[in-house]
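Structure first, commentary second.
Residue numbers begin at 1 in each chain, while the letters A, B, ... track the order of the sequences.
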Amino acid sequence: MLIIRRLAAVSAGLLAAAVLASAPASAQKPGGTLVQITQPEPPNLAPYISTSGPIGQVTAKVFDGLLEYGFDLKPVPSLAESFEVTPDGKTITFKLRQNAKFHDGKPFTSADVRFTFMDVLKKVHPRGIATFRELTAVETPDPYTAIFKLEKAAPYMLMAFSGYESPVLPQHVYGSGDIKTHANANIPVGTGPFRFVEWRRGEFVRLDKNKDYWRAGLPYLDRIVVRFIGDSSTRTAALEKGEAHVAGFGAIPYNDVKKLAALPSVEVTTKGYEMVSPIVELLLNTKHAPLDNQKVRQALAYAIDRQFVIDNVWFGYGKPAAGPISSNFAPSGMFEAGKDYNAADRVARANALLDEAGFPKKADGFRFELVHDLTPYGEEWQRFGEAVQQQLAQVGVKVTLRYEDVAKWLKRVYTDYDYDISSNFLYNLADPVLGVHRSFHSDRIRPGTVFVNGARWSSPETDKIMDQATVEPDPAKRGALYRELIKQTSEASPVIYVLELQFPTLVNKQFKNVITSPLGIYGNYATAYRE
Amino acid sequence: MMKSFSQRFLHNPLVIVGLSWLTLVLLVAVLADVLAPANPFAIVGKPFLPPAGDFLLGTDSLGRDVLGGLIHGARTTLLIAVLSTLAAVAFGALVGAVAGYYGRWIDDVLMRLTEFFQTIPSFLFALVLIAILSPSAMNLVIAIATVSWPPIARVVRGEVLSVKSREFVRAAIVAGQRDSAILISQVLPNTLSPLIVTGSLLVATAILVESALSFLGLGAPNQMSWGFMIGAGRSFMREAWWLVTVPGIVILLTVLSINLVGEGLNDALNPRLADA
């Protein structure tokens, strides 16, 4: 059997680690406590069973994954020193690290890997159920080799091995008892750079340095304190005063970010969301007249002034979206700008398309009326709805806004399909199979399942492309398939892509190397240090 | 010597101040489309333009004219407040009159019901109703009316209790008038003065409730209102003071004026209290 060695990616990662290690020691002195603000407080500390955002912000420091990822979304080694994929994509062999220990002192072996993926993630992890669908067995010929056997090739699976997405659990701790109600759900035990010490509800989680971490000399920090502060202006004040050092994912309101960014002590970055890649979109009900008409859908896409929305609703934290796949995927060849709905003469084009489609302006200046169901997630969504309403009015489409609570809105859009337009933001996640297919594939038209194909777009051509891309192990061929998907879906326009949302992460400048991966504050902070 | 109602009412300088402001607001509300022909949600300029530039009261975070918003907001705010008050007064008066007139178990049932509504904090109750009904102008009227009728019912019941034993009511009974006719033609007219006073003050409360709901983002999404303007501007208090200050002052003045007029009405309708 021919084996492709993915050494290129792996050695790039090792090189990065070597560069880090050889940097002057004075710059990276050990010690210091980093205070991170996480909002809201996590419901539990069991990332293997819940993907609720705040959990990972804490537990990614406690659990390692088999791999981590660079900003270019290429894998770098972690608990696995290297991995090999067979050409048919059906076997992945991980060589495991021999010096890693769990926080209770027991060694990490391939049995823990088998347990984690076969008994936990594949069965109870909300995304793992789908990601590891093709995984049939994890073979453990020796304690430091884990061989993943797949039913079909699943190239996207390689994007899901981070400590955030697929935390490796100790079998001797989590292996006994019911995993869904495990006694250690709030006392996490992993191999990560920081070990769990205490969770004082409503206040903080304390994590202390793991002195036996398998990466010699790391971590630099003595302690991480994750604080939970319910009031947004208090969170802002804590960062302003230097009482807290890191916050991301919308924990600080956008207009406060601007104020904090002006301080000499705070740095703002939009990096660290490359494996999240949220895209703000307008979902069109493609089964409702007149939105069943492609020309009308294209006209609406032309009518949206993306830069206005970015500047005035999201305070500049975004860039115009060019299709269903985020430009963060450009390094892997899966991104290409779709149809250019941002063209200079877009309003004229929109009007022309609507005329062609047979909807002339009537005496009152309007062609037809639509109801826009606002995303009930807070004021920027309301502002977004109002901006869209005005922009569509310019091309003669009268929009009425409707605002309901989250449960009603989700039911209306994803169960009853009783809507014309709705706004939303969906994560591209680490691979289009995980984050993009759900919006278009006809097998994702599932009444009652939220954040899937609510537009009810269905076409045999696009389904075929996605089915091929799901099992295509060759990255170049996969990239070509996705570029074709972008072309076809942006032409059909069942969803209007408005902007790639960029979350600002604020870091106190005393601390360096905090945001070092596309997972941002879901990273493990092993190399973070205080100056 | 007792002065006439209009003399007592209109010679009160505070009433004149209140009435003048309310008349102005009412005129603006009626003439909104003439004074500010543009859609108040239209994006007309750059965002955050300060007052006294191209736009008299500046623009908001999306570049909408604040003055236009105030003018159209007057219409929404007044309409919702007046309609909800009328509904509350109609329902409250009916409940109070029936309870007071028939007494006994009917009174007990209706008053326990009223108390049930009174024990729920009215703003929180309105919030829950809007969350259930989903925000729209009609639902705001329903929610505000639902939380504000109990005081009316209690006031009317009290008055009816004292009026129903008077001779003219007994005479009407003896003359064979039907209960409904007695209630409408004999009893209710005599409860009018406290009803007017309570009702006028309710308008002020309704404006505050509507504004507070809009502030929390639960206002009617397609109607510009003063509370909506404050809600949309509250995040920018540091950068753009006028977004909350201007509509805030307008709400303050309007609610104050209604209270002044209400007090004036009370003094004029109950001269013994006023002269004492």
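Looking only at side-chain heavy atoms (C-beta outward), A:V309 and A:L499 come within less than 4.5 Å of each other.
Of the two parts of B:L218, only the side chain, counted from C-beta on, holds a non-hydrogen atom closer than 4.5 Å to a non-hydrogen atom of chain A. Heavy atoms of A:Q391 lying under 4.5 Å from chain B are absent altogether. Of the two parts of A:Y254, neither the backbone nor the side chain holds a non-hydrogen atom closer than 4.5 Å to a non-hydrogen atom of chain B. In this structure, chain A has a heavy atom under 4.5 Å from the backbone of B:A131, while its side chain stays farther away. With a threshold of 4.5 angstrom between heavy atoms, A:F384 does not approach chain B through any atom at all. The contact between B:P47 and chain A is made entirely by side chain atoms (from C-beta outward), counting heavy-atom distances below 4.5 Å.
No side-chain donor-acceptor contact under 3.5 Å links A:N351 and A:R346. A donor atom on one side chain and an acceptor atom on the other are found under 3.5 Å apart for A:Y414 and A:N424. Residues B:W21 and B:T254 bring a donor and an acceptor atom of their side chains to less than 3.5 Å of each other. If you check the side chains of A:T236 and A:D256, you find a donor sitting under 3.5 Å from an acceptor.
For the options A:Q382, A:E404, A:K259, heavy-atom pairs under 4.5 Å to chain B are most numerous at A:K259.
B:A99 and B:R157 make their closest contact through CB-CD, 4.1 Å (heavy atoms, listed as atom of the first residue, atom of the second, distance).
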